[in-house]
Amino acid sequence: MSISIDKSKCISCKRCQVVCPGSLIKSDDNNKAYIKYPKDCWGCTSCIKECPVYAIRFYLGADIGGMGSLVHTEKNGDILKWIIEHPDGEVSEIDINQKESNKY
Amino acid sequence: MKIKKLKTDILIIGGGTAGCYAALTVSENSDAEVLICEKAHIKRSGCLAAGVNALNAYIVEGRVPQDYVDYAKKDADNIVREDLLLTMSERLNSVTERLEQLGLVILKDKDGKYVTRGNRNLKINGENIKPILAKAVKNLPNVKVLNRVNITDFEVENNRIKGAFGIGIENDTFYTIEANAVIIATGGAAGLYKPNNPGFSRHKMWYPPFNTGAGYAMGINAGAEMTTFEMRFIALRCKDTIAPTGTLAQGVGAKQINSFGDVYETKYGLTTSERVYGTVNENQEGRGPCYLRTEGITQEQDEALKKAYLNMAPSQTLKWIESGKNPSEQNVEIEGTEPYIVGGHTASGYWVDTKRATTVKGLFAAGDVAGGSPQKYVTGALAEGEIAAFSAIDFLKNNEIQAIDLTSTDKKIKEVENFLSDKNSRFTTEQLEEAMQTVMDSYAGGIKTNYRFNEKQLDIADRKILGLQKLSDNLYASDFQELMYIYELRERLTVCRSVIAHLKARKETRWHSFAENLDYPEKDNKNFLKYVNSRLENGEIKIIFRDLQEGGKPYEHIN
Ligand SMILES: Cc1cc2nc3c(=O)[nH]c(=O)nc-3n(C[C@H](O)[C@H](O)[C@H](O)COP(=O)(O)OP(=O)(O)OC[C@H]3O[C@@H](n4cnc5c(N)ncnc54)[C@H](O)[C@@H]3O)c2cc1C
Ligand code: SF4
Ligand code: SF4
């Protein structure tokens, strides 16, 4: 499991770097975020939830059955929207109301 | 390298669940100065980073704290400290209410009562539990947070703590921190054993790979008494994503079945270790793979499950979506993880009294790093953070802060400088880490041997880990992050040696899989209804057997 960062979107706010529990994200020479230690990613999605311009996606490694879909979240009020982009271009979405608790 | 010296009344090491709550408690009950040192950033560090699924430890209506004690005692087949479990259980409900006040969403019925899941759990939306705790700590007067400062050692003289040393991984700084009292709350240890998926996804493990056992190692090296490292925790998890299974088992009542569709859980027993053992055995005897039976659940349950997993282990939801099949259409394959050392699930960690005082004067322990009290989970970690905080406040009243000698600081700085100087090291930190995990996997009961081991293997493991410890003296770090990696490796190696010594000392098999000694495959109640404790004396691990502390009678350190 790891993340990929779209540098063309990144606005160098460093919020992802701040929250990463493994301190794995750094700035490159152009001050854009990149994951320096991709194999060390825990997949906690903290960085993704922080990014104001949705530049970060996570994916499952091929070694654990990943098929290339990319996931990110967008927050709107209490709604945390999870967006899954499939390799064929199809998109699935799941909305979670953060004021509602889990059913299970 | 910059050098900084700081001073505080109470130093909290690790701004996770227990650490944040301890800071909150101190701030609300005294005007003592608190410094939290956190290796990452408190907003999303430690176990709670991705969110949690439920509050696993709560005393529901009609039950009393003693019921929780009895449950944990049974699950660990008696090797628990009832006094610790009881003092923790008595606080579970008050810390839960506090969490709700701080902003955690907990499901309530129309009468405003918490909705329970089984006998001990509450349903929540735990996605943002860590930001909620961090926010509560952020604006407290008298509490300072140093993020990205990784603590590496305690300074202890004559068994009295004086403070700690650490490194600022983003500001290239060496810290000496003097403190009157210290609360250690660094969580447990992952990454000792080879993980389920050692390649690209090596860190897709259950326990945070960034909790590397620092607190255990610092305590061991400072001569603190430690307990029950032989009770390893092996989690039963969804295959590949290593996502928790409790939501499936308790949420939709999914049973453990083998590939023939037979429910096997009843055959082996229902304790935490028996559930793992049963799965291992079914596989070994040719009836694998094993699953949680979700086929046939409703579509509504499908959707609720996908949401619940997004709130704590999003990769499992992604797995369902990528496969194009919902849990109602395919059972969820399960497997055991590599062994972890985690005092919030099993009982490994510091040997503490009911005040959560360790055997080192002025040092208190809370959460996954503290031993004797399994099944703590989130609320138990909060409860222990609270107890440790009150004890630290009390301690300040009768004790003065002690200065750290310059010679100790200089010695530590020399060690750091040595790691930072390029000396054509033969091996990298990563290579030694892999070597350690391979040794533990092969000779100390890892996944490879179905968690089983014998004494001869343990002896080999110990020799090899000792060899790796020596090799680690010569590692080189080109920056402070790599320096942290060297210290993490060294912490893990220290913990590995204690785990091996404890596994060897318990000459019986009380818990399948968790500590399955093939030389002694039976339980031995005559000799081993005892705690296996240890202390480092002159570089050697000394094993201490202690009688069980039963009936909730409070244990006190004698010295
Ligand atoms: C994935 C996962 C899911 C879980 N789900 C649930 C659940 O649904 N319900 C439930 O009740 N329980 C759950 N638990 C258990 C519960 O979260 C833990 O038992 C509890 O949070 C542990 O608290 P802690 O304070 O001991 O550790 P943590 O909260 O992990 O805190 C340790 C802190 O110390 C920091 N640290 C470590 N080393 C150093 C160092 N050398 N210097 C400075 N800082 C350091 C870490 O970065 C971290 O912030 C889950 C655990 C995990 C891992
Ligand atoms: S998913 Fe978590 S561990 Fe991975 S880079 Fe993002 S914040 Fe760091
Ligand atoms: S949070 Fe997003 S915009 Fe900010 S630095 Fe990271 S990737 Fe760039």
Side-chain angles (χ1 to χ4, degrees), chain A residues 1-2 14-24 26 36-50 57-73 75 78 80-82 84-87 90-104, chain B residues 39-41 43-46 49-51 53-54 105-107 115 117 123-128 130 147-148 169-170 196-197 199-205 208-210 239-242 247-248 250-252 301 303-308 310-315 317-319 321-323 481 484:
Chain A
M1 160 136 225
S2 194
K14 294 197 192 310
R15 284 166 65 170
C16 55
Q17 300 181 36
V18 167
V19 290
C20 176
S23 312
L24 308 174
K26 306 289 174 192
K36 187 168 176 192
Y37 306 94
K39 280 168 80 177
D40 289 347
C41 173
W42 186 30
C44 69
T45 67
S46 300
C47 53
I48 290 160
K49 291 167 190 163
E50 282 296 313
R57 306 276 188 275
F58 88 83
Y59 60 95
L60 298 179
D63 58 340
I64 55 170
M67 290 150 92
S69 302
L70 295 170
V71 181
H72 77 281
T73 60
K75 197 164 151 66
D78 289 334
L80 188 66
K81 187 185 275 301
W82 291 79
I84 298 112
E85 299 157 77
H86 301 260
E90 209 186 303
V91 176
S92 334
E93 292 183 355
I94 298 180
D95 282 351
I96 295 190
N97 185 338
Q98 296 199 287
K99 286 270 160 359
E100 279 174 13
S101 99
N102 293 341
K103 283 233 176 67
Y104 303 119
Chain B
K39 74 191 282 185
H41 186 286
K43 185 166 182 190
R44 287 275 182 185
S45 61
N53 167 250
V105 172
I106 306 181
L107 189 62
V115 175
R117 182 180 93 174
K123 299 179 184 185
I124 61 170
N125 185 322
E127 188 284 319
N128 56 357
K130 192 69 210 289
N147 290 309
R148 300 236 138 64
I169 62 168
E170 278 180 350
N196 291 87
N197 302 290
F200 180 74
S201 301
R202 64 186 182 186
H203 272 186
K204 189 66 222 123
M205 48 180 66
F210 318 117
K239 182 154 168 52
D240 296 333
T241 61
I242 317 297
T247 306
L248 296 167
Q250 288 156 51
V252 299
Q301 287 176 315
E303 295 315 308
L305 278 180
K306 281 195 273 186
K307 287 188 181 183
L310 285 176
N311 281 335
M312 61 158 169
S315 39
T317 304
L318 177 55
K319 183 112 186 158
I321 291 175
E322 281 206 313
S323 71
Q481 178 127 354
M484 174 174 77

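Chain A is the first sequence line, chain B the second, and so forth, proteins listed ahead of strands; every chain is numbered from 1.
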**Report entry** Shortest non-hydrogen separation from B:P314 to A:F58 and the atoms involved
**Finding:** CB-CZ, 3.8 Å
Query raised in the report: Taking only residues two or more places apart in sequence, or in another chain, which ones meet A:K36 in a salt bridge (Lys or Arg N to Asp or Glu O under 4.0 Å)?
Result: B:D479
**Report entry** Side chain / backbone / both / neither for B:E322 at chain A, heavy atoms under 4.5 Å
**Finding:** both
Query - Considering all heavy atoms, the nearest B:S201-A:G61 contact - result: OG-CA, 3.8 Å
Query - Heavy-atom proximity to chain A below 4.5 Å, by part of B:K39 - result: backbone
Report summary line: CD1 (A:I96) and CG (B:N311) are apart, to the nearest 0.5 Å, by 4.5 Å
Query raised in the report: Can you tell which of B:K239, B:M205, B:Q301, B:M484 has the highest number of heavy-atom pairs within less than 4.5 Å of chain A?
Result: B:Q301
Query raised in the report: What closest approach, in Å, do A:N102 and B:A308 show between heavy atoms, and which atom pair accounts for it?
Result: OD1-CA, 3.9 Å
**Report entry** Minimum side-chain heavy-atom gap B:H41-A:Q17 below 4.5 Å
**Finding:** no
Query - Residue selection (most heavy-atom pairs with chain A, distance under 4.5 Å) from B:G126, B:S323, B:A313, B:P209 - result: B:P209
Query raised in the report: How about B:I321 and A:H86: do any of their side-chain heavy atoms sit closer than 4.5 Å?
Result: yes
Query raised in the report: Top residue by heavy-atom pair count (under 4.5 Å) with chain A, among B:A50, B:P208, B:A49, B:G51?
Result: B:P208
Query raised in the report: Just by modelled atom types, is the A:I64 backbone N or O under 3.5 Å from a matching donor or acceptor in the B:K319 side chain?
Result: yes
Report task. Return the minimal non-hydrogen interatomic distance between B:S45 and A:P21, and the atom names on each side. Result -> CA-CB, 4.1 Å
Requested in this report: Identify which part of B:N53 has an atom lying under 4.5 Å from any heavy atom of chain A, answering side chain, backbone, both or neither.
Outcome: both
Query raised in the report: Is a donor on one side and an acceptor on the other found under 3.5 Å between the side chain of B:K204 and the backbone of A:W42?
Result: yes
Requested in this report: Please state whether the side chain, the backbone, both or neither of B:I169 comes within less than 4.5 Å of a heavy atom of chain A.
Outcome: side chain
Query - Any residue meeting side chain to side chain contact (heavy atoms under 4.5 Å, CB included) with B:Q250, in chain and number order, not counting sequence neighbours - result: B:R117, B:N121
Query raised in the report: Within a strict 4.5 Å, meaning less than it, do heavy atoms of the A:W82 and B:K306 side chains meet?
Result: no
Query raised in the report: Does any heavy atom of chain B fall under 4.5 Å from the side chain of A:V71, the backbone, both, or neither of them?
Result: side chain
Query raised in the report: Hey, what's the ring geometry for A:Y59 with B:F200, parallel, tilted or perpendicular (30° and 60° as the breaks)?
Result: parallel
Report task. Answer with side chain, backbone, both or neither: which region of B:I124 has an atom nearer than 4.5 Å to a non-hydrogen atom of chain A? Result -> backbone
**Report entry** 4.5 Å side-chain heavy-atom contact, B:R202 and A:D40
**Finding:** yes
Query raised in the report: Which distance, rounded to the nearest 0.5 Å, do you find between the CG of A:L60 and the CG of B:D240?
Result: 8.5 Å
Requested in this report: Among B:R148, B:Q481, B:E170, find the one that has a side chain to side chain donor-acceptor pair (under 3.5 Å) with A:S23.
Outcome: B:R148
**Report entry** Side chains of B:R44 and A:C44 in contact at under 4.5 Å (non-hydrogen atoms)
**Finding:** no
Query raised in the report: Given that the side chain runs from C-beta out, which part of B:K43 has a heavy atom under 4.5 Å from chain A: side chain, backbone, both or neither?
Result: side chain
Query raised in the report: If you count heavy-atom pairs under 4.5 Å with chain A, which of B:V252, B:N128, B:N147, B:T317 comes out on top?
Result: B:V252
Report task. Go through the atoms of A:S92 and report whether side chain, backbone, both or neither lie under 4.5 Å from a heavy atom of chain B. Result -> side chain
Requested in this report: Could you tell me whether B:K307 and A:E100 have a side-chain N and a carboxylate O separated by less than 4.0 Å?
Outcome: no
Query raised in the report: Considering only heavy atoms, which portion of B:A54 lies under 4.5 Å from any heavy atom of chain A: side chain, backbone, both, or neither?
Result: neither
Query raised in the report: Taking 4.0 angstrom as the limit, do A:K49 and B:E127 come out as a salt bridge?
Result: yes
